[in-house]
Amino acid sequence: MSSSAVDARLGLLTYKNDHESHISIKNQDVCANQCKDKPCVALCPAAVYTWDDVKKNTKVQYENCIECGGCRMICPYLNIDCHWPRGGFGVAYKYG
Ligand code: SF4
Ligand code: SF4
């Protein structure tokens, strides 16, 4: 699927912000010192993760998350703590 198609699909989503991240990085030192390729940045379909090369840490834009479940697979160091937002919060899918 092209990135524009993904963007179009993401445009069909709304997000009710819990103001509390449901995603966190367990240990930023692992990102900085052990994870060379940083696959979370490339593989998350919603661009939740970005690498800050100045601060040497992984930033998490949790509001972007479409709750696809990919976090369980994309980090080779199991360094992402991701749980679903509280009921009523998080992403909502619109149909039609
Ligand atoms: S894949 Fe995991 S260890 Fe690597 S940068 Fe992302 S969160 Fe950190
Ligand atoms: S659940 Fe999916 S969209 Fe959300 S952060 Fe993980 S990979 Fe990205």
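Values below: every heavy atom of this structure, side chains too, minus hydrogens, waters and symmetry copies. Counting starts at 1 for both ligands and their atoms, in listed order.
- With a cut-off of 2.8 Å, the protein N/O/S atoms near atom 6 (Fe) of ligand 2 add up to 1.
- The shell of residues lying under 4.0 angstrom from ligand 2, judged by heavy atoms, includes Tyr49.
- When atom types are taken as modelled, the side chain of Asn79 and the backbone of Asn27 share a donor-acceptor pair closer than 3.5 angstrom.
- When hydrophobic residues (I, L, V, M, F, W, Y) are linked wherever their side-chain heavy atoms come within less than 4.5 Å, the members clustered with Val30 are Tyr77.
- Less than 4.0 angstrom separates some heavy atom of Ile25 from each of these atoms of ligand 1: 7 (S).
- Nearest heavy-atom pair across Ile66 and Pro45 is CD1-CG, 4.1 Å.
- Atom-to-atom distance recorded for His83:NE2 and Ser24:OG is 7.5 Å, nearest 0.5 angstrom.
- Using a 4.5 Å heavy-atom cutoff, the side chains of Pro39 and Cys75 are not in contact.
- The closest donor-acceptor contact from the side chain of Lys38 to the backbone of Cys31 lies under 3.5 Å.
- For Asp52, the salt bridge (charged side-chain N to carboxylate O under 4.0 Å, His left out) partners at least two apart in sequence or on another chain are Lys59.
- Side-chain atoms of Lys26 come within 3.5 Å of backbone N or O of Leu78 as a donor-acceptor pair.
- For atom 4 (Fe) of ligand 1, the neighbouring protein N/O/S atoms at less than 2.8 Å, given as residue and atom, are Cys35 SG.
- Shown are Ile80, Ile23, Thr50; of these, the side chain to side chain contact (heavy atoms under 4.5 Å, CB included) with Val60 is made only by Ile23.
- For the pair Gln28 (side chain) and Thr58 (backbone), a donor-acceptor distance under 3.5 Å is present.
- Evaluated by nearest non-hydrogen atom to atom 3 (S) of ligand 2, the leading choice among Asn64, Val60, Ile66 is Ile66.
- When side chains are defined from C-beta on, Cys65 counts as touching His22, because their heavy atoms get closer than 4.5 Å.
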